[in-house]
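Notes for the one structure printed next.
Position 1 is the first residue of the sequence, and the numbers go up from there. In this text, all values refer to a predicted model and were calculated from it rather than measured experimentally. Counting convention: from 1, in listed order, for ligands and their atoms alike.
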Amino acid sequence: MNVYDSDRIKDLLKPLNYQLTDDPAQADLSILNTCHIREKAEQKVYSDLGRLRQHQTNRRQQGDEMLIAVGGCVAQAEGEEILRQAPYVSMVFGPQTYHRLPEMIAQMTRQKDARKGRGAGRGIVDTDFPVESKFDSLPTPQSSSVSAFLSIQEGCDKFCTFCVVPYTRGTEYSRPAGDILQEARRLVELGAKEITLLGQNVNAYHGQAPHLSSHGDQEWGLGRLLHELATIDGLHRLRYMTSHPRDMDQDLIDAHGQIPQLMPFLHLPVQSGSDALLKTMNRKHTAKDYLDIIDRLRKARPDIAFSSDFIIGFPGETQQDHQATLDLVRQVDFAQAYSFKYSVRPGTPAGSMDGQVAETLKTERLYEIQDLLKEQQWAFNKTKVGTVQSVLFDRIGKVPGQILGKTPYMQSVPLEAPKRLLGCLTDVLIKEAYANSMMGIILDSLESISVAA
Ligand code: 5AD
Ligand code: SF4
């Protein structure tokens, strides 16, 4: 979601004549869009700020200015504290107020002029949760990647006891369906072939139906929205993340069997396989509920592959709880997964729970689960060797001459191939599978001819 927000910030600043630069030393304005989900992400902000300050000082010595802004969830959580620790920062804004950035820049510029060029003065902090949605003030997207993100929902009312999101992103909000359809059409016009719908709790989506909704319904759920998006010409792939098991309703499960554009891959975080921990995490479902949802999804779309998030070493986690998580992993058989050591977040209930787990034990358990998950991922990749996969090449690879794409199951396929295949759905015969990627031979590219021409 921070990638989506950063793109919107870029669109907001375009009319002010700002352009992106790859070189921070050249920047008139540097914005850090920050994440607060775990402590490590938060610590990174202050070390990045230290580096930016060096560039700011160098520029000042050459008679140039650099405004520094901190946005995102660390800004929301820390507010004024950022200005105290880093007084050279000019603007601090939360995830719900970044649409006001042009006003903040104008205000800082006025202050600077009033001080006759002697710096911009004291910084501005804007960490409101405005009643009006920021989405109403954002410009339409000006550019799109082949694989685009589209925020449809934000915030969360679930209050899992380990999580800062309800405090930093605010309460749950769903964008009106008509606005989403319009933005999706625009992204496709700009070259998107795949759209990933985003939300902290994306499947809790319940947006206002467009005025002319055929069934007279007032609100659409995610299943209904996906059906409508699938009618957009030129939009070949749809995905959504991140979902909560409790919001996987039947409409959405059915959509997986009915919509060919909806890719057979779902990121569905479970966090733990232990019912006792799921309860203290306030997840409001059991391990069996999760396994039942997986079964129903597999019935609807037999080839669907799953990914998940796991928190290891949540307060009170016993060896038995840990085994229950390993058991769940074995039962589901994941194609991919993310696992994290529990990180205490200030102000969350779990931070002050008894039974905090020792760091060494967390590390030991994390490695154990990661070994199993890696094994499963590699085994899943191997099942595709000898098959033909449709790959959407969407970026330049790290190795010169390579381009990088994804199969429907989110597997990475880096191949030496001409750049004209970027943006094309290409049939690739998979020859080899590795833990994190797959190699193959290009058989056919449906759109390369028209793109090359
Ligand atoms: N510690 C560790 N991981 C966390 N996550 C959220 N909060 C914490 C925390 N306090 C993980 C969850 C979530 C993912 C986005 O980040 O697994 O699904
Ligand atoms: Fe955080 Fe997701 Fe739980 Fe909401 S549902 S509190 S975003 S982990």
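By the criterion of a heavy-atom distance under 4.0 Å, the side chain of F340, and not its backbone, is placed next to ligand 1. At a heavy-atom distance under 4.0 Å, no atom of P269 approaches ligand 2. In F162, the part holding a heavy atom less than 4.0 Å from any atom of ligand 2 is the side chain. Residue Q271 touches ligand 1 through its side chain alone, judged by heavy-atom distances below 4.0 Å.
Within the listing of ligand 2, atoms 6 (S) sit less than 4.0 angstrom from a heavy atom of F159. Ligand 2 places these atoms under 4.0 Å from at least one heavy atom of N201: 4 (Fe), 5 (S). Close approach of ligand 2 to P166 is summarised as follows: ligand atoms under 4.0 Å from at least one heavy atom of the residue are 6 (S). Near H244, meaning under 4.0 Å from any of its heavy atoms, are these atoms of ligand 2: 5 (S). Each of the atoms 10 (N) of ligand 1 lies under 4.0 Å from some heavy atom of R345.
In this structure, the protein non-hydrogen atom closest to atom 3 (Fe) of ligand 2 is C160 SG, 2.3 Å. Taking atom 5 (N) of ligand 1 as the reference point, the nearest protein heavy-atom neighbour is R38 NH1, 3.5 Å. Protein heavy atom at the shortest distance from atom 2 (C) of ligand 1 is K341 O, 3.4 Å. Nearest to atom 13 (C) of ligand 1 among the protein's heavy atoms is D309 OD2, 3.5 Å. Protein heavy atom nearest atom 9 (C) of ligand 1, with residue, atom name and distance: S343 O, 3.6 Å. The nearest heavy-atom contact from the protein to atom 4 (Fe) of ligand 2 is C156 SG, 2.2 Å. Nearest protein heavy-atom contact of atom 6 (C) of ligand 1 is I37 CG1, 3.5 Å. Scanning all protein heavy atoms for the shortest distance to atom 2 (Fe) of ligand 2 gives Q200 O, 4.3 Å. Scanning the protein for heavy atoms near atom 7 (N) of ligand 1, the closest one is F162 CD1, 3.3 Å. At the shortest separation from atom 1 (Fe) of ligand 2 among protein heavy atoms lies C163 SG, 2.3 Å.
The shortest non-hydrogen separation linking I37 to V164 is CA-CG2, 4.1 Å. Between Q153 and S174, the closest heavy-atom pair is CG-OG, 4.2 Å. The minimum heavy-atom distance linking G123 with L83 is given by the pair O-CD1, 3.7 Å.
Among Q411, Q336, E432, the single residue meeting the side-chain hydrogen bond (donor to acceptor under 3.5 Å, both in side chains) criterion with N381 is Q411.
Between R175 and D179 no salt bridge is recorded (no basic side-chain N to carboxylate O distance below 4.0 Å).
Ring pair Y173/Y205: centre-to-centre distance not below 6.0 Å.
Formation of a donor-acceptor pair under 3.5 Å by the W378 side chain with backbone atoms of A433 is found in this model. Not a single donor-acceptor pair under 3.5 Å links the side chain of S144 to the backbone N or O of A148. Although no hydrogens or angles enter the test, the distance criterion places a donor-acceptor pair under 3.5 Å between the side chain of D249 and the main chain of L252. Under a 3.5 Å cut-off, the side chain of T387 and the backbone N or O of T383 do not form any donor-acceptor pair.
Taking the side chain as every heavy atom from C-beta outward, K193 and L425 never approach each other to under 4.5 Å.
Using a non-hydrogen distance threshold of 4.0 Å, R283 registers as a contact of ligand 2.
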How far apart are the C-alpha atoms of E42 and R38, what are their side-chain angles, what is the distance that settles it, and do they pass the salt bridge (charged side-chain N to carboxylate O under 4.0 Å, His left out) test? CA-CA 7 Å; E42 183 185 344; R38 283 172 293 277; over 6 Å; no
